Asks: 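First, the structure itself, so that you have it in front of you.
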Amino acid sequence: MAELTIVYFAWVREVIGRDEEQVERPAPDSSVADLIATLAARGGGYAQALEDPTRLRAAIDQRFAPLDTPIGDAREVALFPPVTGG
Amino acid sequence: MAELTIVYFAWVREVIGRDEEQVERPAPDSSVADLIATLAARGGGYAQALEDPTRLRAAIDQRFAPLDTPIGDAREVALFPPVTGG
Amino acid sequence: MKRIAIQTADFDVAAELAALEALGGGGVASFTGIVRGEEGGLIALELEHYPAMTQAQVDRIVEEALARWPLLGVSVIHRFGRLEPGARIVFVGTASRHRAAALESCAFLIDWMKSDAPFWKKEHFGDGATQWVEARAEDEAKAQGWRS
Amino acid sequence: MKRIAIQTADFDVAAELAALEALGGGGVASFTGIVRGEEGGLIALELEHYPAMTQAQVDRIVEEALARWPLLGVSVIHRFGRLEPGARIVFVGTASRHRAAALESCAFLIDWMKSDAPFWKKEHFGDGATQWVEARAEDEAKAQGWRS
């Protein structure tokens with residue numbers, strides 16, 4: 001069964017302490033918000049970085065997506081703070 | 001009695017055939033439109049250039065002014081087509 | 001910084017922008033107008049202006065921009081004389097801490113330069129014909145828009 | 001002409017503008033964003049981005065600009081990595097036959113780059129402190145404005 005790649009940016013990356021990881025693929029109808037909750041339950045930096053989803057934004061396969069979007073058969077989910085541009 | 005300087009630009013200058021001249025000062029309450037009518041009455045290039053005041057714009061002492069503005073004690077009146085910028 | 005130049009010579013856009021960038025504002029907007037090359041047979045534009053009026057008028061509109069937006073610097077250059085296709089005619093550059101202020105004031109100034117500055121353009125064509133460019137109603141409307 | 005570059009190196013604004021001016025359009029608008037120097041003790045900005053996403057996203061928004069305005073050329077450059085005060089961060093240049101098209105598309109693109117491009121900024125201060133810059137609500141609103 002294919003894995004899902006998760007990438008982290010900015011302070012989410014720093015607080016979690018890694019920039020990328022592979023996780024077991026969640027059910028296709030589970031959302032980015034569900035994924036965030038699962039990861040936050042690990043505690044430590046995950047809990048700290050992900051406890052308040054209103055501070056987070058996401059992209060699915062390199063496209064911005066609201067947190068309630070189902071992950072479906074995506075290959076990569078990115079979690080990060082709101083972008084701050086140039 | 002002081003004279004009034006009139007300056008012409010663009011095709012107004014070309015059709016009249018001069019870029020500047022001195023005229024006897026009109027009465028202070030006469031307008032730019034009155035001046036145009038007086039000049040057009042000279043005939044020739046003046047008539048040709050000035051016969052249709054709707055094609056003309058003016059400046060009094062280097063400030064744009066509607067044609068019905070009284071000339072007052074101005075020193076310089078400019079007559080020209082609408083500006084076309086850069 | 002306020003720089004206004006009405007000149008026949010070409011100008012160095014890079015030097016103008018570098019001076020604006022050096023003001024520490026965070027944002028520099030610019031617009032450069034160029035003689036279009038593609039009009040049928042155009043070989044040159046001849047720009048005439050009203051020297052006694054131009055500098056004072058441009059200064060006045062630059063002061064208005066400085067009053068309306070929080071700008072650190074403004075640079076306006078306008079050429080006159082004979083200009084061939086591809087030549088630069090006009091440059092407006094603005095610097096501000098605020099992106100929108102730099103962009104809006106640049107648009108305001110170039111709209112004014114294109115519609116209200118006392119310049120007239122005569123087109124010279126390859127067959128010897130010449131023609132004074134007519135003012136465009138849309139330019140007058142655009143400059144008017146900033147006043148409402 | 002469409003040019004998109006996401007790079008660590010500085011860029012040559014004059015060369016970018018010259019390429020846009022050479023398209024014969026009559027008007028070139030640009031905006032250059034620079035690291036502000038005056039914030040208390042800031043010694044550098046560190047820009048992080050999402051490489052797999054950035055190029056594709058910028059390409060998409062440039063295509064949108066090309067669809068919305070009659071443009072002859074667009075150039076977008078965004079740097080990442082460590083940038084000191086006074087350094088250029090971002091450049092948007094547009095060329096068009098129509099002044100308003102060049103100006104509006106330039107504003108549209110820089111608003112997007114400032115609000116929606118996947119970049120994050122970390123401030124480094126002289127005392128060793130660091131801080132991630134928070135997204136500004138006004139930037140999100142500005143980009144939203146173009147959609148309405």
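In the text below, chain A, chain B and the rest are named by the order of the sequence lines, each starting its count at 1. Computed over heavy atoms, backbone and side chain alike; hydrogens, waters and symmetry mates excluded. Here the structure is a predicted model, which means the values were calculated and not measured.
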Asks: For D:Val35, is it the side chain, the backbone, both or neither that has a heavy atom under 4.5 Å from a heavy atom of chain C?
Replies: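 Nothing of D:Val35, per the 4.5 Å heavy-atom cut-off to chain C.
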
Asks: I need the C:Met113 CE to D:Arg99 CZ distance, nearest 0.5 Å.
Replies: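 The distance works out to 11.0 Å.
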
Asks: Do C:Leu17 and D:Leu17 come close enough that some side-chain heavy atom pair is under 4.5 Å?
Replies: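 They are in contact (side-chain heavy atoms under 4.5 Å apart), so the answer is yes.
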
Asks: Can you list every side chain to side chain donor-acceptor pair (under 3.5 Å) pair that touches residues 14-25 of chain C, not counting sequence neighbours?
Replies: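 Of all non-adjacent pairs touching residues 14-25 of chain C, those that pass side chain to side chain donor-acceptor pair (under 3.5 Å) are C:Arg3-C:Glu16, C:Glu16-C:Ser75, C:Glu21-D:Arg88.
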
Asks: Side chain, backbone, both or neither: which part of C:Ala102 has a heavy atom under 4.5 Å from chain D?
Replies: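 Side chain only.
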
Asks: Please give me the minimum heavy-atom distance between C:Cys106 and D:Leu103, naming the atom from each residue.
Replies: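 Distance-wise, the nearest heavy atoms are SG-CD2, 4.4 Å.
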
Asks: Go through the structure and list residues passing side-chain contact (heavy atoms from CB on, under 4.5 Å) with C:Arg60, not counting sequence neighbours.
Replies: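 With sequence neighbours excluded, C:Arg60 shows a side-chain contact (heavy atoms from CB on, under 4.5 Å) to B:Arg63, C:Ala56, C:Gln57, given in chain and number order.
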
Asks: Given that the side chain runs from C-beta out, which part of D:Ile110 has a heavy atom under 4.5 Å from chain C: side chain, backbone, both or neither?
Replies: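 Both backbone and side chain.
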
Asks: Can you tell me if CD on C:Gln7 sees more than 12 non-hydrogen neighbours from other groups inside 6.0 Å?
Replies: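 Buried by this count: over 12 neighbours within 6.0 Å.
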
Asks: Can you tell me if CD on C:Glu63 sees more than 12 non-hydrogen neighbours from other groups inside 6.0 Å?
Replies: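 Check passes, neighbour count above 12.
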
Asks: When heavy-atom pairs shorter than 4.5 Å are enumerated against chain C, which of D:Gly86, D:Ala14, D:Gly27 gives the highest number?
Replies: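 Going by pairs under 4.5 Å, I would pick D:Gly27.
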
